Number of protein chains: 2
Amino acid sequence: MRRVRRGYATGAARRERILATALLEFAEHGYRGASLARIAERAGLSQAGLLHHFRNKELLLIAVLDYRDELDARTFDIEGAGGVDALRALARVVEHNSRVPGLVQLFSVISGEAVTPGHPGHDWARRRYRRLRETVAAALRRGVERGEFRAGLDAEAHADRLIAMMDGLQTQWLIDPERVDMVTVFQGYVDDLIATLRP
Amino acid sequence: MRRVRRGYATGAARRERILATALLEFAEHGYRGASLARIAERAGLSQAGLLHHFRNKELLLIAVLDYRDELDARTFDIEGAGGVDALRALARVVEHNSRVPGLVQLFSVISGEAVTPGHPGHDWARRRYRRLRETVAAALRRGVERGEFRAGLDAEAHADRLIAMMDGLQTQWLIDPERVDMVTVFQGYVDDLIATLRP
DNA sequence: GTCTATACTATGATAGAC
DNA sequence: GTCTATCATAGTATAGAC
(Lines give C-alpha, C1' and ligand atoms only; values in the text may rest on other atoms or scores of the structure.)
Protein backbone atom coordinates (compact mmCIF):
# COMPACT_ATOMS: atom_id res chain seq x y z
CA MET A 1 0.00 0.00 0.00
CA ARG A 2 1.32 3.38 -0.92
CA ARG A 3 1.09 5.81 1.90
CA VAL A 4 0.06 8.63 -0.32
CA ARG A 5 0.27 11.45 2.18
CA ARG A 6 3.26 10.30 4.22
CA GLY A 7 6.06 11.95 2.33
CA TYR A 8 3.97 15.03 1.78
CA ALA A 9 2.91 15.30 5.37
CA THR A 10 6.50 15.07 6.59
CA GLY A 11 7.55 17.63 4.06
CA ALA A 12 4.75 19.96 5.02
CA ALA A 13 5.60 19.74 8.70
CA ARG A 14 9.22 20.49 7.91
CA ARG A 15 8.19 23.41 5.76
CA GLU A 16 6.01 24.84 8.47
CA ARG A 17 8.75 24.50 11.05
CA ILE A 18 11.02 26.46 8.74
CA LEU A 19 8.39 29.12 8.11
CA ALA A 20 7.68 29.59 11.80
CA THR A 21 11.39 29.93 12.54
CA ALA A 22 12.00 32.25 9.63
CA LEU A 23 9.11 34.43 10.74
CA LEU A 24 10.80 34.97 14.08
CA GLU A 25 14.16 35.71 12.50
CA PHE A 26 12.77 38.15 9.95
CA ALA A 27 10.76 39.81 12.69
CA GLU A 28 13.86 40.15 14.82
CA HIS A 29 16.38 41.24 12.19
CA GLY A 30 14.42 42.29 9.14
CA TYR A 31 14.95 40.80 5.71
CA ARG A 32 18.49 42.01 5.27
CA GLY A 33 19.59 41.30 8.81
CA ALA A 34 18.24 37.76 8.94
CA SER A 35 20.60 34.93 8.04
CA LEU A 36 19.68 31.68 6.36
CA ALA A 37 22.28 29.84 8.41
CA ARG A 38 20.72 30.95 11.67
CA ILE A 39 17.21 30.17 10.50
CA ALA A 40 18.33 26.72 9.41
CA GLU A 41 20.07 26.06 12.68
CA ARG A 42 17.06 27.07 14.75
CA ALA A 43 14.80 25.00 12.50
CA GLY A 44 17.04 21.99 13.03
CA LEU A 45 18.50 21.41 9.60
CA SER A 46 21.43 22.56 7.53
CA GLN A 47 21.50 25.71 5.46
CA ALA A 48 21.61 23.64 2.28
CA GLY A 49 18.67 21.66 3.55
CA LEU A 50 16.71 24.84 4.04
CA LEU A 51 17.49 25.96 0.52
CA HIS A 52 16.12 22.69 -0.74
CA HIS A 53 12.68 23.82 0.44
CA PHE A 54 12.96 27.49 -0.49
CA ARG A 55 15.22 28.12 -3.41
CA ASN A 56 16.53 31.43 -2.13
CA LYS A 57 16.15 33.99 0.60
CA GLU A 58 13.71 36.16 -1.28
CA LEU A 59 11.30 33.30 -1.91
CA LEU A 60 11.53 32.40 1.75
CA LEU A 61 10.48 35.89 2.76
CA ILE A 62 7.53 35.85 0.39
CA ALA A 63 6.50 32.47 1.78
CA VAL A 64 6.76 33.81 5.31
CA LEU A 65 4.62 36.82 4.47
CA ASP A 66 1.96 34.59 2.96
CA TYR A 67 2.21 32.34 5.98
CA ARG A 68 1.64 35.30 8.23
CA ASP A 69 -1.40 36.30 6.21
CA GLU A 70 -2.74 32.78 6.69
CA LEU A 71 -2.27 32.95 10.43
CA ASP A 72 -4.03 36.27 10.13
CA ALA A 73 -7.08 34.78 8.46
CA ARG A 74 -8.79 35.57 11.73
CA THR A 75 -9.84 38.80 10.06
CA PHE A 76 -12.34 39.24 12.89
CA ASP A 77 -15.00 39.40 10.28
CA ILE A 78 -14.47 42.95 9.18
CA GLU A 79 -15.68 41.91 5.77
CA GLY A 80 -18.88 40.50 7.19
CA ALA A 81 -19.54 43.33 9.58
CA GLY A 82 -20.39 46.87 8.59
CA GLY A 83 -20.73 50.28 10.16
CA VAL A 84 -20.15 50.52 13.87
CA ASP A 85 -19.66 46.76 14.13
CA ALA A 86 -16.75 46.90 11.72
CA LEU A 87 -15.05 49.62 13.73
CA ARG A 88 -15.45 47.60 16.88
CA ALA A 89 -14.03 44.60 15.03
CA LEU A 90 -10.96 46.68 14.16
CA ALA A 91 -10.52 47.55 17.82
CA ARG A 92 -10.62 43.83 18.59
CA VAL A 93 -7.93 43.24 15.98
CA VAL A 94 -5.71 45.73 17.78
CA GLU A 95 -6.39 44.02 21.07
CA HIS A 96 -5.52 40.70 19.54
CA ASN A 97 -2.35 42.12 18.05
CA SER A 98 -1.24 43.26 21.47
CA ARG A 99 -1.00 39.58 22.36
CA VAL A 100 1.16 38.53 19.38
CA PRO A 101 4.03 41.01 19.36
CA GLY A 102 6.07 38.71 17.14
CA LEU A 103 3.64 38.90 14.23
CA VAL A 104 3.21 42.62 14.71
CA GLN A 105 6.94 43.14 14.73
CA LEU A 106 7.42 41.16 11.53
CA PHE A 107 4.94 43.42 9.88
CA SER A 108 6.48 46.62 11.24
CA VAL A 109 10.03 45.68 10.34
CA ILE A 110 9.20 44.48 6.85
CA SER A 111 6.89 47.40 6.10
CA GLY A 112 9.64 49.77 7.10
CA GLU A 113 12.19 48.10 4.87
CA ALA A 114 9.67 47.67 2.08
CA VAL A 115 9.11 51.36 1.46
CA THR A 116 12.19 51.03 -0.72
CA PRO A 117 11.26 50.06 -4.25
CA GLY A 118 13.09 46.90 -5.15
CA HIS A 119 12.71 45.38 -1.71
CA PRO A 120 11.30 41.87 -2.05
CA GLY A 121 8.43 42.79 0.25
CA HIS A 122 7.49 45.95 -1.62
CA ASP A 123 4.76 44.47 -3.79
CA TRP A 124 3.38 42.43 -0.94
CA ALA A 125 3.08 45.55 1.19
CA ARG A 126 1.40 47.53 -1.55
CA ARG A 127 -1.10 44.79 -2.28
CA ARG A 128 -1.77 44.41 1.40
CA TYR A 129 -2.51 48.09 1.91
CA ARG A 130 -4.76 48.26 -1.13
CA ARG A 131 -6.73 45.24 -0.03
CA LEU A 132 -7.05 46.50 3.52
CA ARG A 133 -8.19 49.89 2.35
CA GLU A 134 -10.86 48.36 0.16
CA THR A 135 -12.10 46.09 2.94
CA VAL A 136 -12.35 48.85 5.50
CA ALA A 137 -13.83 51.39 3.08
CA ALA A 138 -16.51 48.90 2.04
CA ALA A 139 -17.41 48.30 5.68
CA LEU A 140 -17.78 52.04 6.23
CA ARG A 141 -20.01 52.38 3.19
CA ARG A 142 -22.22 49.65 4.53
CA GLY A 143 -22.55 51.75 7.66
CA VAL A 144 -23.81 54.63 5.55
CA GLU A 145 -26.36 52.39 3.83
CA ARG A 146 -27.65 51.29 7.19
CA GLY A 147 -27.99 54.84 8.38
CA GLU A 148 -25.35 54.41 11.11
CA PHE A 149 -23.00 56.90 9.48
CA ARG A 150 -23.80 60.15 7.81
CA ALA A 151 -23.98 60.18 4.03
CA GLY A 152 -21.18 61.74 2.04
CA LEU A 153 -18.37 60.58 4.26
CA ASP A 154 -15.06 59.89 2.49
CA ALA A 155 -14.79 56.13 3.04
CA GLU A 156 -11.33 55.78 1.48
CA ALA A 157 -9.85 58.60 3.53
CA HIS A 158 -11.28 57.21 6.75
CA ALA A 159 -9.99 53.77 5.83
CA ASP A 160 -6.51 55.18 5.25
CA ARG A 161 -6.67 56.88 8.60
CA LEU A 162 -7.83 53.80 10.48
CA ILE A 163 -5.03 51.74 8.97
CA ALA A 164 -2.46 54.46 9.58
CA MET A 165 -3.56 54.71 13.18
CA MET A 166 -3.17 50.98 13.72
CA ASP A 167 0.27 50.88 12.13
CA GLY A 168 1.53 54.03 13.77
CA LEU A 169 0.46 52.94 17.24
CA GLN A 170 2.04 49.56 16.67
CA THR A 171 5.40 51.15 16.02
CA GLN A 172 5.18 53.31 19.12
CA TRP A 173 4.07 50.35 21.17
CA LEU A 174 6.88 48.11 19.94
CA ILE A 175 9.49 50.77 20.63
CA ASP A 176 8.17 51.78 24.03
CA PRO A 177 5.68 49.19 25.28
CA GLU A 178 5.44 50.45 28.84
CA ARG A 179 4.60 53.94 27.78
CA VAL A 180 2.18 53.40 24.92
CA ASP A 181 -1.19 51.81 25.56
CA MET A 182 -1.95 50.84 22.00
CA VAL A 183 -5.27 49.18 22.73
CA THR A 184 -6.82 51.97 24.76
CA VAL A 185 -5.53 54.73 22.53
CA PHE A 186 -6.92 53.05 19.44
CA GLN A 187 -10.22 52.39 21.17
CA GLY A 188 -10.40 56.10 21.86
CA TYR A 189 -9.94 56.85 18.20
CA VAL A 190 -12.74 54.50 17.25
CA ASP A 191 -15.07 56.05 19.82
CA ASP A 192 -14.38 59.57 18.61
CA LEU A 193 -14.83 58.43 15.03
CA ILE A 194 -18.21 56.84 15.71
CA ALA A 195 -19.35 60.10 17.26
CA THR A 196 -18.01 62.13 14.35
CA LEU A 197 -19.62 59.94 11.74
CA ARG A 198 -23.04 59.83 13.31
CA PRO A 199 -25.60 61.19 10.85
CA MET B 1 48.93 84.09 11.23
CA ARG B 2 47.13 81.00 12.27
CA ARG B 3 44.00 80.44 10.27
CA VAL B 4 42.05 79.23 13.21
CA ARG B 5 38.97 78.00 11.38
CA ARG B 6 40.55 76.68 8.18
CA GLY B 7 41.24 73.14 9.12
CA TYR B 8 38.01 72.95 11.01
CA ALA B 9 35.97 74.40 8.17
CA THR B 10 37.36 71.94 5.67
CA GLY B 11 36.76 69.10 8.04
CA ALA B 12 33.24 70.25 8.74
CA ALA B 13 32.39 70.47 5.05
CA ARG B 14 33.75 66.99 4.50
CA ARG B 15 31.81 65.70 7.46
CA GLU B 16 28.60 67.21 6.21
CA ARG B 17 29.12 65.79 2.75
CA ILE B 18 29.49 62.36 4.32
CA LEU B 19 26.42 62.82 6.49
CA ALA B 20 24.27 63.92 3.57
CA THR B 21 25.41 60.95 1.52
CA ALA B 22 24.98 58.51 4.37
CA LEU B 23 21.51 59.84 4.99
CA LEU B 24 20.52 58.92 1.46
CA GLU B 25 22.08 55.47 1.71
CA PHE B 26 20.53 54.66 5.05
CA ALA B 27 17.18 55.92 3.74
CA GLU B 28 17.51 53.71 0.69
CA HIS B 29 18.80 50.53 2.30
CA GLY B 30 18.27 50.85 6.01
CA TYR B 31 21.04 50.51 8.54
CA ARG B 32 21.86 46.90 7.80
CA GLY B 33 21.53 47.21 4.05
CA ALA B 34 23.69 50.30 3.71
CA SER B 35 27.37 49.82 2.97
CA LEU B 36 30.23 51.99 4.15
CA ALA B 37 32.05 51.40 0.91
CA ARG B 38 29.18 52.74 -1.17
CA ILE B 39 28.67 55.72 1.12
CA ALA B 40 32.37 56.52 0.90
CA GLU B 41 32.40 56.21 -2.86
CA ARG B 42 29.40 58.51 -3.29
CA ALA B 43 30.91 60.98 -0.85
CA GLY B 44 34.14 61.01 -2.84
CA LEU B 45 36.59 59.42 -0.47
CA SER B 46 37.81 55.98 0.46
CA GLN B 47 36.14 53.72 2.95
CA ALA B 48 39.09 54.08 5.31
CA GLY B 49 38.84 57.82 4.92
CA LEU B 50 35.22 57.72 5.94
CA LEU B 51 36.06 55.69 9.03
CA HIS B 52 38.54 58.35 9.98
CA HIS B 53 35.60 60.72 10.51
CA PHE B 54 33.18 58.24 12.02
CA ARG B 55 34.84 55.43 13.90
CA ASN B 56 32.30 52.81 12.91
CA LYS B 57 29.00 52.25 11.18
CA GLU B 58 26.91 52.58 14.29
CA LEU B 59 28.36 55.97 15.19
CA LEU B 60 27.75 57.08 11.63
CA LEU B 61 24.09 56.18 11.89
CA ILE B 62 23.71 58.03 15.17
CA ALA B 63 25.38 61.07 13.61
CA VAL B 64 23.05 60.88 10.62
CA LEU B 65 20.00 60.71 12.87
CA ASP B 66 21.18 63.76 14.79
CA TYR B 67 21.90 65.48 11.50
CA ARG B 68 18.37 64.77 10.36
CA ASP B 69 17.02 66.21 13.56
CA GLU B 70 19.04 69.35 12.91
CA LEU B 71 17.65 69.71 9.42
CA ASP B 72 14.31 69.21 11.10
CA ALA B 73 14.81 72.10 13.50
CA ARG B 74 12.15 73.78 11.41
CA THR B 75 9.73 72.44 13.96
CA PHE B 76 7.13 74.78 12.46
CA ASP B 77 6.83 76.26 15.87
CA ILE B 78 4.66 73.63 17.41
CA GLU B 79 6.27 74.45 20.71
CA GLY B 80 5.41 78.11 20.40
CA ALA B 81 1.90 77.57 19.12
CA GLY B 82 -0.92 76.05 21.11
CA GLY B 83 -4.40 74.74 20.57
CA VAL B 84 -5.78 74.95 17.07
CA ASP B 85 -2.66 76.72 15.85
CA ALA B 86 -0.53 73.78 16.88
CA LEU B 87 -2.72 71.32 15.01
CA ARG B 88 -2.51 73.47 11.91
CA ALA B 89 1.24 73.59 12.36
CA LEU B 90 1.32 69.79 12.38
CA ALA B 91 -0.60 69.73 9.13
CA ARG B 92 2.02 72.05 7.69
CA VAL B 93 4.74 69.67 8.83
CA VAL B 94 3.04 66.89 6.89
CA GLU B 95 2.80 69.11 3.86
CA HIS B 96 6.47 69.93 4.17
CA ASN B 97 7.35 66.25 4.56
CA SER B 98 5.59 65.47 1.31
CA ARG B 99 8.30 67.55 -0.36
CA VAL B 100 11.26 65.76 1.24
CA PRO B 101 10.60 62.06 0.66
CA GLY B 102 14.23 61.24 1.36
CA LEU B 103 14.09 62.46 4.94
CA VAL B 104 10.74 60.82 5.49
CA GLN B 105 12.01 57.55 4.12
CA LEU B 106 15.06 57.59 6.37
CA PHE B 107 12.77 57.96 9.30
CA SER B 108 10.37 55.22 8.18
CA VAL B 109 13.09 52.71 7.40
CA ILE B 110 15.03 53.30 10.58
CA SER B 111 11.94 53.35 12.78
CA GLY B 112 10.90 50.04 11.33
CA GLU B 113 14.28 48.46 11.97
CA ALA B 114 14.57 50.10 15.35
CA VAL B 115 11.61 48.35 16.93
CA THR B 116 14.13 45.60 17.61
CA PRO B 117 15.89 46.16 20.91
CA GLY B 118 19.61 46.25 20.29
CA HIS B 119 19.28 48.13 17.04
CA PRO B 120 21.58 51.15 17.14
CA GLY B 121 18.64 53.43 16.42
CA HIS B 122 16.41 52.00 19.14
CA ASP B 123 17.22 54.54 21.83
CA TRP B 124 17.10 57.39 19.38
CA ALA B 125 13.64 56.36 18.27
CA ARG B 126 12.36 56.00 21.81
CA ARG B 127 13.74 59.37 22.85
CA ARG B 128 12.28 60.92 19.74
CA TYR B 129 8.79 59.59 20.37
CA ARG B 130 8.84 60.62 23.99
CA ARG B 131 9.93 64.14 23.14
CA LEU B 132 7.38 64.46 20.33
CA ARG B 133 4.62 63.23 22.58
CA GLU B 134 5.49 65.76 25.24
CA THR B 135 5.66 68.62 22.75
CA VAL B 136 2.33 67.83 21.15
CA ALA B 137 0.57 67.09 24.44
CA ALA B 138 1.78 70.40 25.88
CA ALA B 139 0.42 72.24 22.85
CA LEU B 140 -2.95 70.58 23.31
CA ARG B 141 -3.03 71.51 26.96
CA ARG B 142 -2.36 75.09 26.05
CA GLY B 143 -5.44 74.87 23.84
CA VAL B 144 -7.47 73.86 26.85
CA GLU B 145 -6.15 76.77 28.89
CA ARG B 146 -7.17 79.14 26.15
CA GLY B 147 -10.63 77.69 25.97
CA GLU B 148 -10.17 76.40 22.42
CA PHE B 149 -10.47 72.78 23.49
CA ARG B 150 -12.79 71.24 26.00
CA ALA B 151 -11.41 70.57 29.45
CA GLY B 152 -10.63 67.03 30.50
CA LEU B 153 -9.29 65.87 27.17
CA ASP B 154 -6.55 63.21 27.31
CA ALA B 155 -3.64 65.20 25.89
CA GLU B 156 -1.19 62.30 25.84
CA ALA B 157 -3.59 59.97 24.05
CA HIS B 158 -4.36 62.59 21.43
CA ALA B 159 -0.66 63.26 21.00
CA ASP B 160 0.01 59.55 20.47
CA ARG B 161 -2.75 59.46 17.90
CA LEU B 162 -1.54 62.51 16.00
CA ILE B 163 1.96 61.09 15.81
CA ALA B 164 0.71 57.64 14.85
CA MET B 165 -1.40 59.15 12.11
CA MET B 166 1.56 61.05 10.68
CA ASP B 167 3.81 58.00 10.72
CA GLY B 168 1.21 55.57 9.42
CA LEU B 169 0.24 57.80 6.53
CA GLN B 170 3.91 58.30 5.69
CA THR B 171 4.40 54.57 5.29
CA GLN B 172 1.35 54.21 3.08
CA TRP B 173 2.41 57.20 1.04
CA LEU B 174 5.96 55.94 0.54
CA ILE B 175 4.75 52.50 -0.52
CA ASP B 176 2.01 53.74 -2.83
CA PRO B 177 2.47 57.45 -3.52
CA GLU B 178 -0.04 57.69 -6.34
CA ARG B 179 -2.80 56.21 -4.31
CA VAL B 180 -2.34 57.84 -0.93
CA ASP B 181 -2.83 61.57 -0.54
CA MET B 182 -1.01 61.93 2.75
CA VAL B 183 -1.46 65.68 3.04
CA THR B 184 -5.20 65.82 2.44
CA VAL B 185 -5.97 62.75 4.52
CA PHE B 186 -4.02 64.14 7.47
CA GLN B 187 -5.65 67.52 7.07
CA GLY B 188 -8.99 65.74 7.31
CA TYR B 189 -7.95 64.18 10.58
CA VAL B 190 -6.96 67.52 12.01
CA ASP B 191 -10.24 69.10 10.94
CA ASP B 192 -12.28 66.32 12.53
CA LEU B 193 -10.19 66.54 15.65
CA ILE B 194 -10.68 70.28 16.02
CA ALA B 195 -14.43 69.72 15.79
CA THR B 196 -14.32 66.89 18.31
CA LEU B 197 -12.26 68.83 20.81
CA ARG B 198 -14.33 72.00 20.70
CA PRO B 199 -15.63 72.81 24.22
C1' DG C 1 43.49 63.55 6.82
C1' DT C 2 43.69 60.46 3.27
C1' DC C 3 45.18 56.54 0.97
C1' DT C 4 46.34 51.32 -0.14
C1' DA C 5 46.54 46.93 1.53
C1' DT C 6 44.79 43.51 4.15
C1' DA C 7 42.73 40.79 7.97
C1' DC C 8 38.75 38.83 9.31
C1' DT C 9 34.05 37.45 9.24
C1' DA C 10 29.77 36.55 7.28
C1' DT C 11 26.79 35.90 3.74
C1' DG C 12 23.87 33.44 -0.06
C1' DA C 13 24.17 29.94 -3.14
C1' DT C 14 25.81 25.60 -5.69
C1' DA C 15 27.79 20.77 -6.52
C1' DG C 16 27.68 16.36 -5.53
C1' DA C 17 27.78 12.31 -2.20
C1' DC C 18 24.61 9.53 0.49
C1' DG D 1 15.50 15.13 1.11
C1' DT D 2 19.45 15.97 3.63
C1' DC D 3 24.11 16.51 4.29
C1' DT D 4 29.26 18.21 3.75
C1' DA D 5 32.22 20.87 1.29
C1' DT D 6 33.11 24.71 -1.20
C1' DC D 7 32.69 29.11 -3.89
C1' DA D 8 32.26 33.69 -4.79
C1' DT D 9 31.21 37.82 -2.97
C1' DA D 10 30.82 41.48 0.18
C1' DG D 11 31.04 43.46 4.43
C1' DT D 12 33.43 46.09 8.60
C1' DA D 13 37.42 47.32 10.57
C1' DT D 14 42.53 47.94 11.24
C1' DA D 15 47.61 48.86 10.15
C1' DG D 16 50.70 51.66 8.39
C1' DA D 17 52.70 54.60 4.54
C1' DC D 18 52.41 59.28 2.77
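Values in this document were obtained by computation on a predicted structure and should not be read as measured data. Chain identifiers are assigned alphabetically (A, B, ...) following the order of the sequence lines, protein sequences preceding nucleic acid strands; residue numbering begins at 1 within each chain. Because only heavy atoms are used, hydrogens play no part in the values below, and waters and symmetry mates are left out as well, while side chains stay in.
Between H52(B) and the phosphate of dC3(C), there is no side-chain N or O to OP1/OP2 separation shorter than 4.0 Å. Note on S46(A): every side-chain N or O is 4.0 Å or more away from OP1 and OP2 of dT2(D). OP1 and OP2 of dT11(C) both lie 4.0 Å or more from every side-chain N or O belonging to R32(A).
Looking at S111(B), its side chain never comes within 3.5 Å of a backbone N or O of S108(B) through a donor-acceptor pair. Side-chain atoms of E58(B) never come within 3.5 Å of backbone atoms of P120(B) as a donor-acceptor pair (strictly under, hydrogens ignored). Judged purely by atom type and a 3.5 angstrom limit, R128(B) has no side-chain atom pairing as donor or acceptor with the backbone of D69(B). A distance-only check finds no donor-acceptor pair linking the side chain of E25(A) to the backbone of I39(A) [under 3.5 Å]. Although no hydrogens or angles enter the test, the distance criterion places no donor-acceptor pair under 3.5 Å between the side chain of T116(A) and the main chain of H119(A).
A 4.5 Å side-chain heavy-atom check between L193(A) and R161(A) finds every atom pair outside the cut-off.
In this structure, E58(B) atom CD and dT12(D) atom P are separated by 13 Å, rounded to whole Å. Rounded to whole angstrom, the span from the CD atom of E41(B) across to the C1' atom of dG11(D) amounts to 15 Å. When rounded to the nearest whole Å, the span between CD1 of I39(A) and P of dA10(C) equals 16 Å. In this structure, L60(B) places its CG atom 15 Å from P of dG11(D), rounding to the nearest Å. Between H29(A) atom NE2 and dA10(C) atom P there is a gap of 13 Å when expressed in whole angstrom units. In this structure, OH of Y31(B) is placed 12 Å from C1' of dG11(D), rounded to the nearest angstrom. Taking atom CG on L50(B) and atom P on dG1(C), their separation rounds to 14 Å, with Å as the unit. The CG-P distance, from L36(A) to dT6(D), rounds to 21 Å in whole Å.
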Residues Q172(B), D176(B); criterion side chain to side chain donor-acceptor pair (under 3.5 Å); working and verdict: CA-CA 6 Å; Q172(B) 292 180 33; D176(B) 208 346; over 6 Å; no
Salt bridge (charged side-chain N to carboxylate O under 4.0 Å, His left out) between D123(A) and R126(A), worked out: CA-CA 5 Å; D123(A) 288 343; R126(A) 206 175 46 202; 3.4 Å; yes
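A34(A) comes within 4.0 angstrom of the backbone, heavy atoms only, and of no base.
For the helix from dG1(C)-dC18(D) to dC18(C)-dG1(D), the angle separating the two terminal helix axes comes to 0°, with each axis derived from five pairs and the value rounded to 10°.
Applying the ring-ring contact (aromatic ring centres under 6.0 Å, His included) rule to Y189(B) yields the partners Y189(A); only residues at least two apart in sequence or on another chain are considered.
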Could you list, one pair per line, each protein nitrogen or oxygen that sits under 3.5 Å from a nitrogen or oxygen of nucleotides 14-18 of chain C, together with the distance?
none

